[in-house]
Participant: 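Before I ask anything, here is the structure I am working with.
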Amino acid sequence: MARDHRSRGHAGLAGFRQDVIAGLSLPQKALPPKYFYDAAGSRLFERICRLREYYLTRAELALTRAHIGAIARFAGKGSILLEYGSGESLKTRLLLHAMRPAVYMPVDISGEALRRAAAKLSREFPDLRIAAVAGDFSRPLELPGFRGRDRRVVYFPGSTIGNLSPGEAQAFLKMTRGQVGPRGAMLVGVDLKKDAGVLHAAYNDSRGVTAAFNLNLLERINRELGGDFDLRRFAHYAFYNAPLGRIEMHLVSLAAQSVNVGQHRFGFAAGESIHTENSCKYSIAEFQALAAQAGFRGAKVWTDRRGLFSLHGLIAD
Ligand code: AVJ
């Protein structure tokens, strides 16, 4: 049975407007990547996950399949499983099947995606207790009851943590450490550092799906906030910033222009960019050091055979 819990948060239109106005007012214009995922953006992201160049999804699924027994043992059968994300993925199903959690709590900003995923899951796992939480997991969450003695484990797959800077990721892990308590644990998917050409191709696919995903953010601003971005006058730009160990995505203004968002007006020089996403890459040692600084011990790490992607099993220290 699926239940719904709505936590206070900034998921609404007012929060979106505030973040967009603030971001476009910065010297280096920037927009938070969490706003990529409206209905169209979520569909585009699903297409990205199927692209030949985008190895992340396939590599994480492969390592999850290969090591599911050990991963489920690490999580602990009968634990409370929180997932940061809606839980639509195949790898979540593998984990649910193998570990049979006492309660499964998907946490997602999109109530719509949550409802869809929870309804589907409760058909596939009729005995599973699902407590969906509509909220922003980047802020401390108020979770429904379930105190008990059960162990809490947070599952955070997909290298979504790469959207945070290392400092932010550390603070986020600390917050999660508080959320799971002294006996808790975390399973976090982290994309690995690798050949820059492989990284570059993953964010510059030949079909232009990633470009459409990036540009959709402007379309969303136009539609929801009364913007007048001309999408033909912005171009997708993604590159690997090696010193900072991250892919950066930008939208580059192809001309000097000004753009209105509601009552606000923003000037762009030709070539000026909006920084829309960071996707940080870590070596295994780098990520374990980060986790250690956040109060977790890196107890286990699994990778795919090609060494593209990692899943870290962290235990509260
Ligand atoms: C969902 C944040 C892991 O960084 O690879 C895919 C998002 N951006 N292509 C990533 C994304 C461009 C993705 N994450």
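For ligands, and for the atoms within them, numbers begin at 1 and follow the listed sequence. Source: prediction; values computed, not measured.
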Participant: Relative to the ring of Tyr84, is the ring of Phe172 parallel (under 30°), tilted (30 to 60°) or perpendicular (over 60°)?
Facilitator: perpendicular
Participant: Are Phe239 and Tyr55 connected in a single hydrophobic cluster, I mean Ile/Leu/Val/Met/Phe/Trp/Tyr linked by side-chain heavy atoms less than 4.5 Å apart?
Facilitator: no
Participant: Work out whether the distance between some heavy atom of Tyr37 and some atom of ligand 1 is less than 4.0 Å.
Facilitator: yes
Participant: Taking Ile221 as the starting point, is it possible to reach Leu254 by hopping between hydrophobic residues whose side chains are less than 4.5 Å apart?
Facilitator: no
Participant: Just jot down the ligand 1 atoms closer than 4.0 angstrom to any heavy atom of Asn163, in number order.
Facilitator: 2 (C)
Participant: Going hydrophobic residue to hydrophobic residue with side-chain gaps under 4.5 angstrom, can you get from Phe266 over to Phe16?
Facilitator: yes
Participant: Would you call the rings of His312 and Phe287 parallel, tilted or perpendicular if under 30° counts as parallel and over 60° as perpendicular?
Facilitator: tilted
Participant: Given that the side chain starts at C-beta and the backbone is N, CA, C, O, which of these parts of Phe36 lies under 4.0 Å from ligand 1, counting heavy atoms, or is it both or neither?
Facilitator: neither
Participant: Looking only at distances, please establish whether an N/O atom of ligand 1 is found under 3.5 Å from an N/O atom of Ser279.
Facilitator: yes
Participant: Examine Glu277 against ligand 1 and note whether any of their N/O atoms are separated by less than 3.5 Å.
Facilitator: yes
Participant: For ligand 1 and Ser159, I'd like to know whether there is a polar contact (N/O to N/O, distance under 3.5 Å).
Facilitator: no
Participant: Look at the aromatic rings of Phe137 and Phe156 and report parallel, tilted or perpendicular, splitting at 30° and 60°.
Facilitator: perpendicular
Participant: If two hydrophobic side chains count as joined below 4.5 Å and joins carry through other members, does Leu311 share a cluster with Leu94?
Facilitator: yes
Participant: Just which atoms of ligand 1 are under 4.0 Å from any heavy atom in Gly158?
Facilitator: 3 (C)
Participant: Can you check whether Tyr203 has an N/O within less than 3.5 Å of an N/O in ligand 1?
Facilitator: yes
Participant: May I ask you to identify the nearest protein heavy atom to atom 13 (C) of ligand 1, giving residue, atom name and distance to one decimal place in Å?
Facilitator: Tyr54 OH, 3.2 Å
